[in-house]
Structures are given as C-alpha cells and as structure tokens.
K.L.:
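Can you keep this structure in mind? I'll have questions shortly.
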Amino acid sequence: MIEVPAADFSLRATLTSGQAFRWTEHDGWAYGFIGSSVLKVRQDGDRLFCESSDPALTPNRISDYFALDLNLPEILSSINVDIQVHQAIMRYRGLRVLRQDGWETLASFICASFNNIKRIEGMIERLCQAYGEPVALNGFRGFSFPTAERLARVPERSLRSLGLGYRAPYLRATARLVAEGKLPTDHLRRVDYETTKRALLGCEGVGDKVADCVALFGFEKYEAFPIDVWMERAMRYYFRHRKMTRKGLHEYARRHFGPYAGYAQQYLYHYVRNLRAAESTKHKADSTQS
DNA sequence: CGCCAGGTGCTGA
DNA sequence: TCAGCACATGGC
C-alpha cells in the first residue's frame, strides 16, 4: 500500500470534473491509469492510499499526476475575483487540474468534440479494448491507452466501427502526425502556451476549444481557457445582454482570471454542469433535516 | 420522437 | 475576419 500526502485536494471533484475520461469507481476505490500503469486509489482526509500494478508508480509520480506539488490556496486566491467563481470554489475546493499524458489527452479530446461525456467515455474505452494492452490489478481488468504508433496503422473504417463517427479520420491523421514525430509532445510540455496551442491547431479535428483542453489537461498550460457550450452558459453571468463570440469570451476570461485562468475554467465548468443536481440534493438535505 | 452533447472544417460574403 | 452550415452517434 502506497501512501501519498494530499493536502488541499479533492479526489472526487478532480476525477469527476470532465478532464479525464477513464476513471471508474468500485467499492470506494477509484481505478484508472497513469500512463500505461493501473492505479487504485482512495482518499482519507489529507492522504491518498494507493495500489498499483507497476513499481514505477512511486509516491512522487502519483503526486505529480494529481499536481499535488502546486500551492492550491495560492492559485485559488488568484482566480477568486468574482462571486460566481467564488461559489464554484466554495463548492468544489480541492479540485485540481491533472497532469495527464499529452498524446492521450489530445486523442481523447478529438473524440470529445460535439459529443457528450457518457459517449466519449464509451468511445475511448472501446479504443483501449481494441488497440491497448491488457492490464490487471487484483480484480480489476483494463486496457492501456493505445499508442499513436498503433492507432496510426488502424484503418478509418475500423475506428468508425467503434462509434467514432466523423472523428475517425481526424484521430487517424493526428495519430500519424504524432507517430511521425511531427508533433513533438515531449517538447510541447516545455514551451509556452501560444507555441503549444499553435502546434496543436495543426492537427485535424483540433480547433480552439480542443487545443485549449489539451494544452491545459495534457501540457500544463494553466492560462488555457477552453470554451464549450457549458462555459458559454457560465459566461452569461459576465455578459447578461451583450452577445459575445467564443473568441471574445476567451480574451475576456484570460484577462479577467490571469495566469491560472484554466483553473477558473475547470471550477466554473464543473459548477455549472452540476448546478441543477446540486440544487436538488441540497433541497433533499434541507427537507430531511427539518 | 426531437433535442443535446467539453466543436471543427468548409464555404461564401 | 466572420456567420452559416454539414457532420455521426447515442442518451435522454
């Protein structure tokens, strides 16, 4: 059993906030992958308890994946600049932006465009079952995320048969780009946001929104501020009447929230997506208490 | 059944 | 540069 100190952290909020698509829960444990290694993890207060199939998953590696080295209170105070984001922070304090694998994040968010999370999860799971490597841990059986080299050799029709729809050719083309070394994922982690985003926009199926998601979740670019339909809804708070393009919202948000705008985005996204659900459970709690 | 989903690429003004 | 449109699929 590996133990990892985890102050200012909410495993649940982090794993259910729509930045990763492959974590599942069984008997109070979360099962997922860090790279190609399975991790079984649960949180108890300020500590994580972990088991893994791979000795390479050291406490340091796990801590890095969950970005536990970052000073979250400092980040949150830097983005806590209006009442709406303040509410989101109050409700989901401890949510952190993961440091996921760049290629997996890129491929996943190509699948995520114009789609819903349930189906995204299904598509990615089928991709892994078809082209990943089987891995087991205790009773858990899963498949690692396929490499770019592997997906580059898969015919478009095979990807379509997994339910990827019109994204199939995009994913295949991007897998080829990465496999040929024309999109240096290791390098992108070390260059700035603008450079990373420009490189990502060169992939088919990657526009502004997907590029920002990949920059944020896969390449540690915390200025990135992805805008999807949920964020458009959240941003109505700032522009009740004036109609704004996504580009306008993007420029405003980056100025408004600063260098950790991506954290603000993730808190707001999770918050607005769960507004109705949170309200109804709150009413339930209120009525059972009285 | 119609509507919606972590949008993008293409086209024509 | 920007609006308008087609695009696959499955959950609800």
Side-chain angles (χ1 to χ4, degrees), chain A residues 13-23 85 88 92 95-98 100 102 104-127 129-130 154-175 177 183 197-219 221-236 242-251 253-254 257 261-277 280:
Chain A
T14 299
L15 295 185
T16 59
S17 65
Q19 54 180 315
F21 300 109
R22 305 189 58 211
W23 286 91
V85 76
Y92 295 112
L95 193 171
R96 287 173 184 261
V97 172
L98 298 169
Q100 301 184 71
E104 175 174 346
T105 308
L106 174 56
S108 296
F109 277 91
I110 285 174
C111 296
S113 75
F114 197 36
N115 207 343
N116 60 71
I117 288 183
K118 255 292 190 301
R119 189 158 80 101
I120 297 163
E121 290 170 347
M123 282 164 44
I124 292 174
E125 183 56 31
R126 289 192 293 279
L127 265 178
Q129 286 181 14
V154 176
E156 179 188 324
R157 64 177 179 283
S158 304
L159 296 178
R160 283 188 184 268
S161 75
L162 298 178
L164 268 68
Y166 62 85
R167 305 165 192 81
Y170 298 156
L171 181 59
R172 178 179 155 83
T174 297
L177 215 59
L183 190 86
K197 184 164 180 181
R198 198 162 44 244
L200 291 170
L201 286 174
C203 304
E204 284 186 60
V206 177
D208 274 313
K209 188 270 173 184
V210 169
D212 275 326
C213 282
V214 178
L216 179 59
F217 304 136
F219 293 101
K221 306 302 184 248
Y222 300 113
E223 315 147 71
F225 194 92
I227 297 181
D228 70 331
V229 292
W230 292 100
M231 283 309 297
E232 278 184 337
R233 284 166 198 157
M235 300 287 285
R236 282 179 200 161
R242 197 148 48 110
K243 58 177 176 183
M244 295 282 283
T245 62
R246 286 195 174 186
K247 188 179 169 64
L249 295 174
H250 188 262
E251 283 172 18
R254 289 194 59 205
F257 293 114
Y263 259 87
Q265 183 278 158
Q266 199 55 17
Y267 272 82
L268 288 173
Y269 174 82
H270 197 45
Y271 181 67
V272 297
R273 245 174 65 84
N274 293 304
L275 259 186
R276 259 180 297 176
S280 70

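Proteins get letters first, then strands, A, B, ... in listed order; numbering begins at 1 in each.
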K.L.:
Give the rounded distance in Å between these two atoms: CD1 of A:Ile120 and P of C:dG10.
P.N.:
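Whole-Å distance recorded here is 14 Å.
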K.L.:
Answer with base, sugar-phosphate or nothing: what part of the nucleic acid does A:Cys203 contact at a heavy-atom distance below 4.0 Å?
P.N.:
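The answer is sugar-phosphate, as A:Cys203 gets under 4.0 Å only of primed atoms, P, OP1 or OP2.
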K.L.:
Nearest-Å distance, CD1 (A:Ile124) to C1' (C:dG10)?
P.N.:
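It works out to 15 Å between those atoms.
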K.L.:
Please state how far atom NZ in A:Lys243 lies from atom C1' in C:dC2, giving the value in whole angstrom units.
P.N.:
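The distance from NZ of A:Lys243 to C1' of C:dC2 comes to 12 Å, rounded to the nearest Å.
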K.L.:
Return whichever of A:Lys118 or A:Phe114 has its heavy-atom-nearest nucleotide of DNA chain C closer to the 5' end.
P.N.:
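Final value for this comparison: A:Phe114.
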K.L.:
Which one, C:dA8, B:dG9, B:dG7, comes nearest to the side chain of A:Tyr170?
P.N.:
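Between C:dA8, B:dG9, B:dG7, the one nearest the side chain of A:Tyr170 would be B:dG9.
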K.L.:
Between A:Arg233 and B:dA5, is there a contact of a side-chain N or O with OP1 or OP2 at under 4.0 Å?
P.N.:
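So the side-chain polar atoms of A:Arg233 do come within 4.0 Å of the phosphate oxygens OP1 or OP2 of B:dA5, strictly under.
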K.L.:
Under 3.5 Å, is there a donor-acceptor pair between the A:Thr105 and A:Gln100 side chains?
P.N.:
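Note: A:Thr105 and A:Gln100 side chains miss the donor-acceptor criterion.
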K.L.:
Verify, without hydrogens or angle tests, whether A:Tyr267 (side chain) and A:Leu95 (backbone) share a donor-acceptor contact under 3.5 angstrom.
P.N.:
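Indeed, once roles are kept as given, a pair shorter than 3.5 Å links the two residues.
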K.L.:
Contact class for A:Gln19 vs. all strands (heavy atom < 4.0 Å): base, sugar-phosphate, or nothing?
P.N.:
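Touches a base.
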K.L.:
Considering only B:dA5, C:dT9, B:dT8, which nucleotide approaches the side chain of A:Ser113 most closely?
P.N.:
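When the side chain of A:Ser113 is considered, B:dT8 is the closest of B:dA5, C:dT9, B:dT8.
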K.L.:
Round to the nearest Å and state the distance from A:Leu159 atom CG to C:dA8 atom C1'.
P.N.:
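Going from A:Leu159 (CG) to C:dA8 (C1'), I get 14 Å.
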K.L.:
Are the side chains of A:Pro226 and A:Gln266 in touch, meaning some heavy atoms are under 4.5 Å apart?
P.N.:
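They are not in contact (no side-chain heavy atoms under 4.5 Å apart), so the answer is no.
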K.L.:
Base, sugar-phosphate alone, or nothing: which one does A:Ser17 contact when heavy atoms must sit under 4.0 Å apart?
P.N.:
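Base contact.
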K.L.:
Does the ring centre of A:Phe225 sit less than 6.0 Å away from the ring centre of A:Tyr269?
P.N.:
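Aromatic pair excluded; centres sit 6.0 Å or further apart.
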K.L.:
Side-chain contact test, heavy atoms from C-beta onward, threshold under 4.5 Å: evaluate it for A:Glu104 versus A:Arg22 and give yes or no.
P.N.:
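Counting from C-beta outward, A:Glu104 and A:Arg22 do come under 4.5 Å.
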K.L.:
Could you check which of B:dA5, C:dA8, C:dC2 has an atom nearest any side-chain atom of A:Lys247?
P.N.:
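For the A:Lys247 side chain, the nearest candidate turns out to be C:dC2.
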K.L.:
Applying a 4.0 Å non-hydrogen cut-off, can you work out what A:Gly205 is touching in the nucleic acid: base, sugar-phosphate, or nothing?
P.N.:
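Contact class for A:Gly205: sugar-phosphate only.
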K.L.:
Between A:Ile227 and A:Leu201, name the one whose nearest nucleotide on DNA chain B is closer to the 5' end.
P.N.:
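Here A:Ile227 is the residue nearer the 5' end.
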K.L.:
For A:Asn115 and A:Thr245, find the nucleotide of DNA chain C closest to each by heavy atoms; which residue's nucleotide sits nearer the 5' end?
P.N.:
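Result of the comparison: A:Thr245.
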K.L.:
Please work out if A:Ile117 contacts a base, only the sugar-phosphate, or nothing of the nucleic acid, heavy-atom cut-off 4.0 Å.
P.N.:
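The residue A:Ile117 makes sugar-phosphate contact but no base contact.
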K.L.:
Under 4.0 Å, heavy atoms only, any strand: does A:Gln266 hit a base, just the sugar-phosphate, or nothing?
P.N.:
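It contacts base atoms.
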K.L.:
Rounded off to whole Å, could you give me the CE-to-C1' distance for the A:Met123 and C:dT9 pair?
P.N.:
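Rounded to whole Å, this separation is 9 Å.
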